[in-house]
Amino acid sequence: MALPPRFLEELRDKVPLSTVIGRKVKLTRRGHEYTGLCPFHHEKTPSFTINDAKGFYHCFGCGAHGDIIKYLMDAEKMPFMEAVEHLAGMAGMKVPESSPAQLAQEKRRGDLTAIMEEACRFFQTQLFSMGGERGKNYLIRRGISGQVAKQFRLGYAPSGSALTAHFQAKGFDIKECMNLGLVVRNAKTGRLHDYFYDRVIFPILDRRKRVIGFGGRMMEKGEPKYLNSPETALFHKGEQLYALPNAIETIRQKNEVILVEGYMDVIALHSAGFTNAVAPLGTALTEQQIKILWQSCDEPLICFDGDGAGRKASVRALNRALPILTPGKSLRFVFLPDPFDPDDMIRKKSPEAFAQLIKEARSFADVLWDTLTVAHPVDTPERMAKFEKDVRDTVALIQDTTVRGYYQKDFKDRLWKLTHGSKKGRVRLAGRRILPIHSPTPGLAEARMLLAYVLCYPQAAEPFIEDIATTRLPDKILNDALQEMAALILDMPEITSETVINSIQPDIMHLLSAEIEMLKRSDRETGEVSREIGRMLQQSRIQAIQTEIAQETERYLANPDPEVWENIKALKKEIEKLSESE
């Protein structure tokens with residue numbers, strides 16, 4: 001509805017922002033502004049400010065910004081006119097009358113909403129009637145209780161034209177029912193019949209919990225498995241998320257949302273206690289849906305199915321979000337084992353197993369880097385050059401200059417490690433690529449000795465430099481020194497001991513004085529030192545694997561999972577390979 005700008009300006013002036021927001025948010029006055037905890041995202045330190053004189057609020061944490069009308073629309077889920085009428089009542093003002101066309105449009109929207117609500121009640125009634133046995137049995141097989149079915153307002157669409165007949169009996173406008181995608185006309189016979197039939201029905205609600213569309217699922221094999229309402233005056237698939245009204249409070253409390261692929265995944269997660277789960281509506285994740293998630297969560301978790309299609313959907317989400325990343329707003333990715341989906345994880349594994357995968361969610365940057373490296377072989381100079389160019393071109397897609405700058409720095413560091421970690425002639429420990437394990441952690445005495453070897457014999461250490469660079473020592477000072485030496489040798493493979501010594505802090509030389517003196521007196525050959533370094537790294541890696549075997553064995557004894565047992569066997573084989581290479 002179009003309203004005179006002067007009326008809106010007067011309305012904003014008469015009702016202070018702090019008065020309205022102060023009803024829900026505890027505010028503290030600081031000079032000409034108020035501060036408080038942001039109502040749009042979870043935070044512990046106030047970053048939300050209100051300026052009554054200028055008539056706007058702004059959150060430095062999530063970027064929420066607007067005037068008093070926008071606040072009511074976003075925080076209270078009021079439509080524009082409802083927000084205006086609410087404020088007009090507070091200010092003692094009368095809202096200018098709408099034009100006949102605007103009044104007609106508002107009335108039609110109300111009529112359409114009433115039709116959708118009636119259809120939802122009809123589907124619910126059918127599910128819990130004698131004729132809904134097929135729907136009830138399907139939900140029971142999927143582990144959905146009657147309580148959960150009522151919570152999500154699930155229903156059943158019977159075969160035939162029962163809903164069409166119901167609308168006709170109730171006197172609803174059949175043409176509008178057709179406009180909403182509930183009733184269709186057979187092109188050959190001209191007869192009217194239901195759009196949804198013999199399917200379990202999932203109502204789709206807007207933020208004010210009004211029914212705006214439906215999703216219908218087949219209970220047997222067939223295509224399409226899911227059927228959604230078509231685009232209508234009320235329903236736009238790319239601008240909605242399934243179950244967002246059910247999940248919004250938990251999302252804001254935890255500052256975490258789990259985006260999964262389908263309706264059943266959402267319901268299974270909610271039933272298992274993950275009440276912050278939502279889903280797109282049978283389409284690839286859209287830019288608008290990502291922005292909706294960011295309104296109440298900084299880093300949504302993308303958790304699509306573990307099969308090939310699910311992995312591709314994750315990559316599509318990655319590419320969709322890349323250009324619109326902003327400071328503090330990103331995505332994280334949860335990868336399920338193939339071919340599991342979230343519903344499988346809950347029913348066949350456990351809620352605890354799913355929660356563990358959530359804890360192991362990977363950052364946007366890591367997944368983007370992995371996606372690029374998988375798609376680009378780097379085994380020749382030309383391919384490496386192409387890879388570097390593609391990395392630069394990909395990062396350039398990020399529109400926000402600050403975020404783009406940090407990605408350029410991060411990926412430049414990754415490129416450096418990749419290019420310096422592929423020199424020919426390097427010795428890699430046997431079994432290193434067989435299984436990802438934690439880096440070895442030598443004891444303090446062995447750590448000092450390893451450092452002394454690298455310091456005094458950099459040429460002997462150079463063939464093992466990749467393994468040395470990934471070694472983590474138990475003492476931070478020693479560890480930092482080792483990483484610094486490894487970087488020097490990676491950058492200058494022909495570096496001399498004298499250059500390394502001159503580059504290291506005097507405190508490190510003092511710590512290693514006994515080991516360095518011993519090496520000077522022994523006057524060892526480079527080959528002998530090289531073998532000793534290799535032996536130390538071999539033993540450290542074997543110890544790391546043995547520790548991991550002990551941890552995995554403990555897990556297996558507590559819960560005999562075949563996957564854990566296979567992992568234990570693989571770890572033991574790696575120890576065998578490492579031992580054979582000594």
Side-chain angles (χ1 to χ4, degrees), residues 41-44 243 247-262 265-279 285 290 293-294 296-307 310-311 313-315 317-318 321 325 328-371 410 435-439 441 470 472 544-545 547-568 570-571:
H41 82 286
H42 179 69
E43 62 176 8
K44 295 182 179 179
I248 191 65
E249 288 304 318
T250 305
I251 292 171
R252 285 180 173 166
Q253 290 171 10
K254 299 180 66 175
N255 190 29
E256 180 183 271
V257 58
I258 307 168
L259 186 86
V260 294
E261 286 192 42
D265 293 322
V266 168
I267 293 173
L269 290 178
H270 276 253
S271 300
F274 300 92
T275 55
N276 54 337
V278 299
L285 188 63
I290 294 171
L293 292 173
W294 279 342
S296 50
C297 173
D298 293 332
E299 296 183 355
L301 293 160
I302 308 300
C303 182
F304 292 152
D305 295 354
D307 58 12
R311 301 275 170 154
S314 294
V315 173
L318 185 91
L325 296 175
K329 299 295 183 181
S330 186
L331 302 176
R332 289 186 293 151
F333 292 84
V334 179
F335 292 105
L336 304 180
D338 189 6
F340 280 66
D341 58 29
D343 187 20
D344 292 329
M345 286 296 299
I346 296 298
R347 292 189 296 115
K348 299 178 182 179
K349 294 286 188 178
S350 67
E352 292 76 19
F354 184 78
Q356 183 59 38
L357 290 176
I358 293 294
K359 291 179 181 178
E360 297 169 359
R362 303 192 64 211
S363 71
F364 191 101
D366 283 347
V367 176
L368 177 59
W369 178 259
D370 286 353
T371 302
D410 180 50
L435 191 73
I437 64 173
H438 298 295
S439 298
T441 307
T470 60
R472 294 294 176 265
I545 298 172
T547 300
E548 190 164 351
I549 288 174
Q551 293 171 347
E552 291 291 273
T553 301
E554 190 173 331
R555 281 182 58 198
Y556 183 76
L557 291 174
N559 179 24
D561 187 335
E563 291 183 12
V564 176
W565 179 247
E566 290 301 318
N567 192 27
I568 292 171
L571 288 167

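Remember, predicted model here, so these are calculated numbers, not experimental data.
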For the [atom1] atom of [X] and the [atom2] atom of [Y], what is their distance to the nearest 0.5 Å?
X: T553; Y: I568; atom1: OG1; atom2: CD1; answer: 4.0 Å
X: L293; Y: L301; atom1: CG; atom2: CG; answer: 10.5 Å
X: R362; Y: D370; atom1: CZ; atom2: CG; answer: 4.0 Å
X: E566; Y: E563; atom1: CD; atom2: CD; answer: 9.0 Å
X: H270; Y: D265; atom1: NE2; atom2: CG; answer: 11.0 Å

Do [X] and [Y] have side chains that get closer than 4.5 Å, going by heavy atoms?
X: L357; Y: F340; answer: no
X: Q356; Y: M345; answer: no
X: D366; Y: W369; answer: no
X: D298; Y: K329; answer: yes
X: F304; Y: L259; answer: yes
X: I302; Y: L285; answer: yes

I need the minimum non-hydrogen distance between [X] and [Y], along with the two atoms involved.
X: L331; Y: A317; answer: CD1-O, 4.1 Å
X: T371; Y: V367; answer: OG1-O, 2.7 Å
X: P342; Y: C303; answer: CG-O, 3.9 Å
X: K254; Y: N276; answer: NZ-ND2, 4.2 Å
X: I258; Y: F354; answer: CD1-CE2, 4.2 Å
X: R332; Y: A361; answer: NH1-CB, 4.1 Å

### Task
List in chain and number order the residues that pass salt bridge (charged side-chain N to carboxylate O under 4.0 Å, His left out) with D305, two or more places apart in sequence or in another chain; answer none if no residue qualifies.
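Expected list: none.
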### Summary
salt bridge (charged side-chain N to carboxylate O under 4.0 Å, His left out) filter on D410, not counting sequence neighbours, yields R414
If we ignore hydrogens and angles and just use 3.5 Å, is the side chain of [X] paired with the main-chain N or O of [Y] as donor and acceptor?
X: H41; Y: N255; answer: no
X: D343; Y: A268; answer: no
X: W294; Y: S330; answer: yes

### Message
With a sphere of 6.0 Å drawn around CD of E554, does it hold more than 12 non-hydrogen atoms of other residues, nucleotides or ligands?
### Response
no
### Task
For the pair F274 and T250, evaluate side-chain contact (heavy atoms from CB on, under 4.5 Å) and give the outcome as yes or no after the intermediate values.
CA-CA 9 Å; F274 300 92; T250 305; over 6 Å; no
### Intermediate values then yes/no, salt bridge (Lys or Arg N to Asp or Glu O under 4.0 Å), R311 and D338
CA-CA 10 Å; R311 301 275 170 154; D338 189 6; over 6 Å; no
